Structure formats: structure tokens, C-alpha cells
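Both counts, for ligands and for their atoms, begin at 1 and track the order of listing. Because the structure is a prediction, the values reported are computed rather than measured.
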Amino acid sequence: MCGIVGVLGDHEAAPLLVEALKRLEYRGYDSAGIATVNEAGRLDRRRAVGKLVNLSDLLVHEPLSGRAGIGHTRWATHGAATRENAHPHRAGRVAVVHNGIIENFRALRAELAEDGIEADSETDTEVVALLAARHLEQGMTPDEAVTATLERLEGAFALCFLFEGEGDLLIAARKGSPLAIGHGEGEMFVGSDAIALAPMTERITYLEEGDRAVISRAGAQIFDADGRRVNREMREVRLDAARIGKAGYRHFMAKEIAEQPAVIGDVLSAYIASDGSAVSLPLEGLDFRNISRLTLVACGTAHIACLAAKYWFERYARLPVEVDIASEFRYREAPIPPGTVALFVSQSGETADTLAALRYAQGKADKTVSLVNVPESSIARESDIAVPILAGAEISVASTKAFTCQLTTFALMALHAARQRGELDRAGLAAQLADLRRLPGLMSHALAIEDALREVARELAEARDVLFLGRGQMYPLALEGALKLKEISYIHAEGYPAGELKHGPIALIDKATPTVVLAPHDGLLDKTVSNMQEVMARGGPVLLITDSRAAESAAEGAWAQITLPEAPEFVQPILYALPVQMLAYHAALALGKDVDQPRNLAKSVTVE
Ligand code: G6P
């Protein structure tokens, strides 16, 4: 969480800092701030509570000049969203921005207090500025002061320092939180990710664990955790402007929902052999015949993708699957018996709990595999095998296209496993792959029902509580529907396996509590329809999301019905992601909520 940025520019830094922060706002938006060093060497800062627009407004009235600067957008961990707690934090001649958590900040604060140095904020970050300022006072150079400060810090951080009187110096450091350095023409940049720097440069160097970079306009000198000068590769990161802008859509979420037929098409073309006969995922060294168990671990929507994958792996590849939430898995000391492959799913590839769970599994599991959207991320780099899900930049906090790309990659992997384990013959595999190839077309049809969904979403938005039900492979989709709705509309929602209804949630049913039932034509349709009848018998309004084939037998008595195109059973979970995403989107719009930046959430959760 939190986005950080640094600029050593040719022109005024403030507009560039704000532009970069705009692209990092998905990481948090509790407050924002920038600091600059002006031509006279003076260090100054501006900070504002709330979204970036408040900082922009402040800068109109109280501009900051200078070609060197740092900036921050905050997701609060220590201390409320106030101006005092907003970054950059400043002490004496130094200002700093931070992403991560300094775990020993209380001890460091107490030590500083003994020397009569008091903090102004409640943050963990301020001690970093205070320590560095004290070292500068003691006569150290900026680099010596930062090095001595870093030695004292425990926890996770990406940091960027700016110094009074130093208009051509930034010092950046990384431990546990990602950090990228951008190379311009006589300009240098620092950012939490390459997207932030995209308007300035596409030439990026990623810092590695423990690295410190001393940056001037002439370039960056990078030192590893042992203080040795090292070379880190510079790469061209092509970030298509259309993929990181809104492309005419009102929200990133709307754009990302609409992109799904295209990105799923990309996944299928990348990972199905050109003759359509085999899966071509980058899984070198992984043989599913030698595996007795698959452990899938993730957080949030990525965790729900794992739950959906369990149905595919168990049913088609006959491979037992265990699914876990990363924050539970990492501390449970789960035994990992031989024959286990541990697989971690993360859009960002930086989620702290998922990364820690991966590190726990290393050396215990036969292999660690990751499904990530950001190929340069920590989780991708640290796993034995990293499979990109190819969704392209996902900006909206609520995950949509990354979810369906995770599902599609999983579906292909399950088929590959089924074939390797002899559970699927050549013709069977070809048939399933042909079904998957129909997905982009089916999804385009599903997107066309948006008008009908908008109407029902308006009514749904009046509810205080909503239940989502699904059976079998539709159960994880019920969870995802509920999660999306709560995330962006703040309506309380629960996802349940339809068969579990009578063991508790049925007590919630009344005429003011709608139930969304996901029931395509599949082997369990009749059972789901019975559960739906149980809801309606108690006066509960039902929104049925189904297909044309099931609609005839299932729809009677429902308050509303959304009909999707009929799809092969294997691909239904991927297709049914679309209506639940659109439902949440339009409910949030009807309520006037901030769809792309829901309260209290952040996209990349780099703290525990
Ligand atoms: C946050 C986001 C979710 C996301 C989850 C896991 O909670 O708001 O959309 O699913 O983190 O993130 P990851 O990057 O690991 O997939």
C-alpha cells in the first residue's frame, strides 16, 4: 500500500509528481503530499488529507517550485488520515516518503525521545526522517546518514529521501516493498511501479531486496545489502498508454470489465498451441504425474480464483487440491508433505501475506508456482515457476479482468494436468480447448446484457443485505459476487453454497433481502432451483442469473432474471464473473459511490 515517487527533472517537478501519484492512487488515497528542493536549495512540502485532487487544489494556491522532488499517496496504517500523518515526513534537512511498515518504530522513537527528539506524527515513518536528520546533524553526508538509518530499520520498506541544499540527489532503498528507477534524458525518476513512471520514461531498473540507490541526473549508483556496488539490468517496459488510461470509459472498472473478451483472447492465444491440440503454459520442470497434492494460496479475489480452480483440478485432473487464505496459511505451520506443489496467485505479485506464504513453502513444497499479473513482481521472482496471467495493467481497486485471466490460466493448467495424468485423452483435451476458445465470443454477448443489469442493480442497491447463492463450481462465483458488491457499493453481502442455505442464512430471508442465484444449466441445476424455491417460499426476492436453456425450468417466481448465452459447463465460472461484476458496478454507481477507489481499500496490500 502507499505509492511513492521521486523526480530529478529538467523542468518543474511538482506537476510530474502529481501526474505520477495519479497513477499510484490505486495504492491508497487517505492523503497525498509532495516535497521539493527549489533552485535556492530550500526544502519545502505540501500535504493534504483525502484524495489527490485535494493536494492539486492546494498546490494551485500554494505552489511548490523546484526540479527535484518526492511524493506520496497514503493508505493509513499507523495513525489516522490527518495532515500531520501525511507524507513526506520531514525532520531538519531531510524529507522522506515510505511504503511499508517500520516494525521497530516504537523502540526507535523511545530512543530518539531520550535524546530530546520528539515526533510530530503518529506514523511509523517519521522515525526514518528523524534518524536521518540526526545523522546529518552529526556531520554525515546524506548517503552516510541514509545508510546508517537503514541499518536501524526492521520491517518492510520502499523509501525515497530528499535533502535540503541538494537539488541533484535522491536516495532510494528497498526491503520488502517494490521500487523502480526510471531513466530519462538527463532526468531520473523513482516510483513504486513502472506505471507511475510511464509518462516520463519506459526505461526501468527494478531494485532488488536490500538495494540502495544514490541517484543524480547523471544516473543511479546501486549498492546491494552488503554495500557492494552492483549493476541491475535496465529494461524497456512497454506500457501501452491505452491500457493505462480510461480510454473514454467513466471508470477504470468499466473499462477493465469491457476488456475481458480481448484479454481472455490473449491468454488463450498465448497458452494454447497453434494447432489447438495442447496447452503451452510455461511450466517447465513441473510434471503433474509426480504430484499428489496441490496447495493453492492467495488473498481476496485471487483466493476466490483458487476456490474455483479446485473444482477443475479435482474433477478433471483427479488431483486433490487444498485452498488457503495466505494470512492464515503463513502462520498455521501447515505440514507440506512430499509430492505437494504450492501455487500462489496474486494480481500485483506484491501482496505481503501471499509473499510470506510463498517464502514459508520454499524448501518444503516440491515446487513453488505463481500466477501473477506483474511479471517483475516479488512473488514472480521468488517462485520456482511464474506464469503471467496477461491481463495488462489493472488499475481499479476491485479486481475484474485479472480474476477472469486467473481463472482462464487455471482452467488451462487443470486441462494440462488432466492430460498429463491420463485423465483426458487427446480428443477430450481438444474438445475442452475448443470450448475455452469460445469464451471471448460468449463474453462479448454477456457484456451486451449490461442494460438489463443496470436496471436490476438500481433496485438491488436499495437493499441493506444481499445473499449470493451458487452450487458446485458456481459457489466461488457467489463468493466473488458478494465480495465485489461489498467492496464498491458497501452493501452487506454474503456468498453461500446453495446447499448450505438452510444451515443458517435462510434465517436472514425476508422481503427486503434479495438473493442472487447463479444457476446455469449444469448437473446441479435442479438442486439449486429447489434452494431458490425455499427462498421464494419465505418471501425473499430472487434475482436469477442463468442461461437460456435453464431459464425455462428455473425462472418461475423470480423477482428478476438475467439470461446469459448458453455455455459449456467447463467455462461457465469464467463467463459468470461478468454479470456479478456488472451488478456490483451498477449498484455502486446507483448509490453514487467512488467505484474505482472504494473507501478503506487499496489495490496492492503490501502490509500485513
Ligand atoms: C486487495 C485488492 C483485491 C485483491 C487482493 C489480493 O484486497 O483490493 O482486489 O484481490 O488485494 O491482491 P493480489 O494483488 O495479491 O491479487
Close side-chain approach of Leu575 to Met443, heavy-atom, < 4.5 Å: yes

Hits for salt bridge (charged side-chain N to carboxylate O under 4.0 Å, His left out) against Arg330, two or more places apart or cross-chain, chain-then-number order -> Asp353, Glu608

Partners passing ring-ring contact (aromatic ring centres under 6.0 Å, His included) against His492 (at least two apart in sequence or in another chain): none

Pairs under 3.5 angstrom, nitrogen or oxygen on both sides, ligand 1 versus protein: list them out, please.
unit_1	atom_1	unit_2	atom_2	d
ligand 1	8 (O)	Ala602	O	3.2
ligand 1	9 (O)	Val397	O	3.2
ligand 1	10 (O)	Thr301	N	3.0
ligand 1	12 (O)	Thr351	OG1	3.4
ligand 1	14 (O)	Ser346	OG	3.3
ligand 1	14 (O)	Gln347	N	3.4
ligand 1	14 (O)	Ser348	N	2.7
ligand 1	14 (O)	Ser348	OG	2.6
ligand 1	14 (O)	Thr351	OG1	3.4
ligand 1	15 (O)	Ser346	OG	2.6
ligand 1	15 (O)	Thr351	OG1	2.4
ligand 1	16 (O)	Gln347	N	2.7

Worked check of salt bridge (Lys or Arg N to Asp or Glu O under 4.0 Å) between Lys175 and Glu209: CA-CA 5 Å; Lys175 188 184 153 212; Glu209 266 315 86; over 6 Å; no

Which residue pairs pass the salt bridge (charged side-chain N to carboxylate O under 4.0 Å, His left out) test with at least one member in residues 360-389, sequence neighbours excluded? Arg359-Glu382

Would a distance-only check, ignoring hydrogens and angles, find a side-chain to backbone donor-acceptor pair under 3.5 Å from Tyr311 to Pro573? no

